[in-house]
Structures are given as C-alpha cells and as structure tokens.
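Structure, as structure tokens:
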Amino acid sequence: MEVDIVVIGGGPAGLAAALSAYEKGITDVVIIERDFELGGILPQCIHDGFGNFIFGEMLTGPEYAQRYIDGVEKTDIHVKLNTMVLDIDSEKRITAVNPEDGLIQMEAKAIILAMGCRERTRAQILIPGDRPSGIYTAGVAQRYINMEGLMPGKKVVILGSGDVGLIMARRFTLEGADVEGVYEILRHPGGLTRNVVQCLQDYNIPLHLSHTIINIKGKKRVEGVTVAKVDSQWKPIKGTERVIPCDTVILSVGLIPENELSQKAHVQIDSRTSGPVVDECMETSIPGIFACGNVVHVHDLVDDVSEAADTAGKGAADYVTGKREKRTIPITVTNGRNVAYVVPQTIGGKKVDDVTFYLRVKRIEKNVKVVGSSNGKEIYTKKERIVKPPEMVKIHLSSDELRNIKNELLIEVNP
Ligand SMILES: Cc1cc2nc3c(=O)[nH]c(=O)nc-3n(C[C@H](O)[C@H](O)[C@H](O)COP(=O)(O)OP(=O)(O)OC[C@H]3O[C@@H](n4cnc5c(N)ncnc54)[C@H](O)[C@@H]3O)c2cc1C
C-alpha cells in the first residue's frame, strides 16, 4: 500500500496533525491507532480542563477529542483502528498488524509519529518490599474507574505528585475512597499548581513534599506502606519512617515518550526530552519523518499538543509537495542557564515563519527574563514572574527576530 502521509497514533496529536495535513491539500492520509477508538488518553480523562486556549472553553477530555474526531470524520482521512504499528524504517516503510488484515505493509511519502507516552512503573523506580496486588499506575487506575467501572481500592496512598496522580487523588475521593496522602520526593509538586489546588487542597488531601515510600507490605493484597522523609540527595532520613495501613498504592512518578518505533527508524533522540530532536516544522533528523505531541516531550496541556501537531501536519504536507527549502546546516538551539530543555532543538528551513519554542526550567525562580540570543546579541526577551519545572514556558519568536540568528540560538533564563 502506498500512502502520502501515515500518522501513527490517533490521540490528540495524531488527529490534529492529520487534519492540518489534509487542510493543506494532502487527502491521502491514514491514521493508524492500536486502540479500539480514537482520542488517545483523552477518553479516560473525564475531568474538565482541556481546550481553554484553543476553544476558549473548559472541556472534558472526551469532549475535546470529539471535536477533532468529528473533524476527521468530515474528511476522507482513512482511519485504521485496532491496528498496531510494529516497525518503521528510515525509508518510511511501515509494518502494522490487525485482526482483520493480518500483517500490513505500507510505504509512505511522509510519516508523522504521534504515539504519546507511557507511565513509569514500580520497576523503574525500584521501590523495595513485597509484590502484592493493589499497586497501579495512576493512568491504569483512571482507566479502571472512568472507563471500566471498576474501583481499584478503598484506602489509597499516592506516590508522586504528577498531574495524573493529583487528578486521581480527587477521583478516588469523589468515588468514596480514603486518600491518606500524596508523597513526593521532590521539594516541589510535580504537577500544575491548578491541579494541586483543585485536586488536593479543595479536598483536604495532604501533600508531603521531600517524602517517599521505602517499603510496601502485603502477602496477596497491599496491607501497608512505610514512608520516610528524604534529604537533599533523596536518601531516606532515619527516624522519620511512618507505617501507613492501606490497600492500594498509586504511582504517579513520571511519563516517558514512547519512542521504540522512532529508534527503529534511527531518528535522533534528545536525551533531555527522551523524544526525537525536531526542527521548527516538527521534522525529525530523518527527512520526511515528523513527530508531535507527547512522543516529542511530555506536555502539560493538550492545547499545546494540538498546536504543535498542526505544525507537524503542515510540515509533512509541504514535504510531500516538495515546497520546503532547507538550510545546508541547521541552526542549533542551545540550552543556557536554568533551561532543562527546549523544543524545537533546531531550525532547518531557509524561510522561517514565527516559531513557538517550548521549554522547561531546571529549578523554581522568581522575576526572571527568558532571553534568546545569537552570537552574543540579544534578539528576544520575555519577563516571567515565576518559572517552575512542572509548568512549561512558551516563547514566540517572530520571523523578523529569527532572521537575526546566525548559526546558534541560545535560550537562557536569567535573573
Ligand atoms: C491522566 C491525564 C490527565 C490529563 N489532564 C489534562 C488536562 O486537564 N488538561 C490538558 O490540557 N491536558 C491534560 N492531559 C494531557 C493531555 O491529555 C496529553 O498531553 C495528550 O493526550 C497527549 O496527546 P498525544 O496524542 O501525544 O498522546 P496520547 O493521547 O497518549 O495518544 C497516543 C496514541 O498513540 C497510540 N499508539 C501508540 N503506539 C502505537 C503504535 N505502535 N501503533 C498504533 N497506535 C499507537 C496510542 O494508543 C494512543 O491512542 C492529561 C493527561 C493525562 C494522562
């Protein structure tokens, strides 16, 4: 099967990318999704908080996804559900499998990677103790409660204060469970301030910063955990241990971009984001392979995912029609003071429109300036009252500002 554009993943990123490529005139587009329905993680996110920027409304996850699904249904974009992509290569050959067609092979002119991310598990953070049932990642517990109608437990301890964990603290409480507390190893919450307020403080659920679980006890089912305070090196402090009886442990200890397929195609991965290195069109290091959404870096807000996916879709359409002229050597975007990462990492086009850069800081700082400079010359500056690692910072550089860049754009956060 030969296709102009194949989109891998039918979550918000894949849907928005497919639609924008279609609107740019590429009608031969296929979305491949392994689940039985479109929408990615959104069908299980029944709380509101989606779409504030794009639609100016606070939508639930399913409502937000439905707007894009309706958009796709009005086009002749071909959707293959229950279909798992097993392999891609740098020649843009795709191998997938589903129960109806068996093994499927496709050759695409362009591929858009939109596989999202997955949750870190107990095995990745090495919590000592027994291995009873009753330990779930927050996303799995969310799926059980919101989609399968199953209640995972009654007395819950949550490890990690990522957004999914915070949302699940509220969800368990609303469903009648007792959430003893949320324990976070860092000195600051891992999730958005709005979720700390709306999901913990509004429900009197305690957040214990600089704490972790040092033991899980239970024969068949979890019977309790031991928590302890940690020092600045994250080592448990002797004498601060506390045993908490509970039947359920929920882990919200980070998300990892899902890049096994990207690696098979030898796409360059940025060790800071764990996602592909992309340019301003969301094109990876392999020409014609684009990426967007949580597969590139973990986003806080779905609106930003849709925005970047729109760019990827347009970029892929221009690639297929051969409209884009590239620089021989791309401009490198480098991370300066208090910058953990910046996306996009390069600027590859000869003629560049305005570009939105997404960055995360390493530590909390107040009253700072986000500065973009090239060859020692400041070309962009934006004041921020406060910057925090969990809250992504967005900066827009105009095509005029970008024209002043020579070979490198340095982005830093200065006092
Ligand atoms: C619990 C939770 C709560 C959230 N709350 C909010 C909120 O309140 N407000 C907000 O704005 N954002 C929120 N977000 C963030 C937002 O949902 C994500 O940023 C967004 O869903 C990412 O979109 P995506 O398309 O990149 O990934 P996903 O939604 O994860 O979609 C990826 C898709 O790719 C498919 N896929 C993966 N690999 C393959 C393969 N090999 N073959 C075929 N298909 C594949 C998956 O099945 C999935 O459908 C929340 C996220 C979570 C997890």
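Counting starts at 1 for both ligands and their atoms, following the listed order. Computation of the quantities below employed the complete heavy-atom set of this structure, encompassing side-chain atoms and omitting hydrogens, waters and symmetry-equivalent molecules.
Of the heavy atoms in C45, only side-chain atoms (C-beta onward) come closer than 4.0 Å to ligand 1. Only the side chain of Q142 comes within contact range of ligand 1, with a heavy atom under 4.0 Å; no backbone atom does. Looking at V302 against ligand 1, both its backbone and its side chain come within 4.0 Å, counting heavy atoms. Contacts with ligand 1 closer than 4.0 Å are made by no heavy atom of M168, backbone or side chain. If you look at A114 next to ligand 1, the close heavy atoms, those under 4.0 Å, all belong to the backbone. Here L42 has side-chain heavy atoms under 4.0 Å from ligand 1, and that is the only part of it that gets that close.
Under a 3.5 Å cut-off, the side chain of T273 and the backbone N or O of G275 do form a donor-acceptor pair. No donor-acceptor pair closer than 3.5 Å links the side chain of E391 to the backbone N or O of K388. With Q44 contributing its side chain and I41 its backbone, the two residues share no donor-acceptor pair below 3.5 Å. No donor-acceptor pair closer than 3.5 Å links the side chain of Q201 to the backbone N or O of V196. Judged by distance alone, with hydrogens and angles left aside, the side-chain atoms of E283 form no donor-acceptor pair with the main-chain N or O of F290 at under 3.5 Å. Formation of a donor-acceptor pair under 3.5 Å by the K264 side chain with backbone atoms of L86 is found in this model. The backbone N or O of V413 sits less than 3.5 Å from a side-chain atom of R337, completing a donor-acceptor pair. For E401 (side chain) and Y380 (main-chain N/O), no donor-acceptor pair under 3.5 Å exists by modelled atom type. S20 places a side-chain N or O within 3.5 Å of a backbone atom of D310 that can act as its donor or acceptor partner.
Ring pair Y358/H297 is tilted by interplanar angle, where 30° to 60° counts as tilted.
Evaluated by nearest non-hydrogen atom to atom 5 (N) of ligand 1, the leading choice among H47, K80, H297, E119 is H47. In this structure, of E33, M58, E260, the residue bringing a heavy atom nearest to atom 46 (C) of ligand 1 is E33. Counting heavy atoms only, D300 comes closest to atom 15 (C) of ligand 1 of the residues I41, D300, V305. Evaluated by nearest non-hydrogen atom to atom 7 (C) of ligand 1, the leading choice among Y64, F50, F36 is F50.
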Under 3.5 Å donor-acceptor pairs involving side-chain atoms of residues 207-219, not counting sequence neighbours:
| unit_1 | atom_1 | unit_2 | atom_2 | d |
| --- | --- | --- | --- | --- |
| H211 | ND1 | L209 | O | 2.8 |

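Counting the atoms of ligand 1 from 1 in the order shown, those under 4.0 Å from a heavy atom of G49 are 7 (C), 8 (O), 9 (N), 10 (C), 11 (O). Taking every non-hydrogen atom of M115 and a distance limit under 4.0 Å, the qualifying atoms of ligand 1 come out as 32 (C), 34 (O), 37 (C), 38 (N), 39 (C). In summary, the atoms of ligand 1 found under 4.0 Å from a heavy atom of V164, numbered by their order in the structure, are 1 (C), 2 (C), 53 (C). Interface atoms of ligand 1 facing L261, defined by a heavy-atom separation under 4.0 Å, are 41 (N). For ligand 1, the atoms lying closer than 4.0 Å to a non-hydrogen atom of G293 are 26 (O). Interface of R194 with ligand 1, defined as ligand atoms under 4.0 Å from a residue heavy atom, comprises 7 (C), 8 (O), 9 (N). The atoms of ligand 1 that sit less than 4.0 Å from any heavy atom of G11 are 25 (O), 31 (O), 33 (C). The I32 neighbourhood of ligand 1 comprises atoms 43 (C), 44 (N), with distances under 4.0 Å to a heavy atom of that residue.
Close N/O approach between C292 and ligand 1 is not found [any backbone or side-chain N/O within under 3.5 Å]. The shortest N or O to N or O distance between D35 and ligand 1 is not under 3.5 Å. Taking any N or O of V295, backbone or side chain, none lies under 3.5 Å from an N or O belonging to ligand 1.
Looking at atom 20 (C) of ligand 1, its nearest protein heavy atom turns out to be P12 CG, 3.7 Å. Protein heavy atom closest to atom 44 (N) of ligand 1, with residue, atom name and distance, is R34 N, 3.1 Å. When only non-hydrogen protein atoms are considered, atom 25 (O) of ligand 1 lies nearest to A13 N, 2.9 Å. Of the protein's non-hydrogen atoms, the one nearest atom 34 (O) of ligand 1 is G9 CA, 3.3 Å. Taking atom 30 (O) of ligand 1 as the reference point, the nearest protein heavy-atom neighbour is G116 CA, 3.8 Å. Scanning the protein for heavy atoms near atom 42 (N) of ligand 1, the closest one is V85 N, 3.0 Å. The protein heavy atom nearest to atom 26 (O) of ligand 1 is N294 N, 2.8 Å.
Not counting sequence neighbours, T284 has no partner by the side chain to side chain donor-acceptor pair (under 3.5 Å) test.
A salt bridge links K155 to D178: one of the charged nitrogens lies within less than 4.0 Å of a carboxylate oxygen. Taking 4.0 Å as the cut-off between side-chain N and carboxylate O, D300 and R360 count as a salt-bridged pair. We find that R143 and D35 are joined by a salt bridge, their nearest charged nitrogen and carboxylate oxygen being less than 4.0 Å apart. A salt bridge is absent between D28 and K109: the closest approach of a Lys/Arg side-chain nitrogen to an acidic carboxylate oxygen does not fall below 4.0 angstrom.
In this structure, L38 does not count as a contact residue of ligand 1, since none of its heavy atoms falls inside 4.0 Å of the ligand.
Of the options D353, D318, D279, a salt bridge (Lys or Arg N to Asp or Glu O under 4.0 Å) to R324 is made by D279 and by none of the others.
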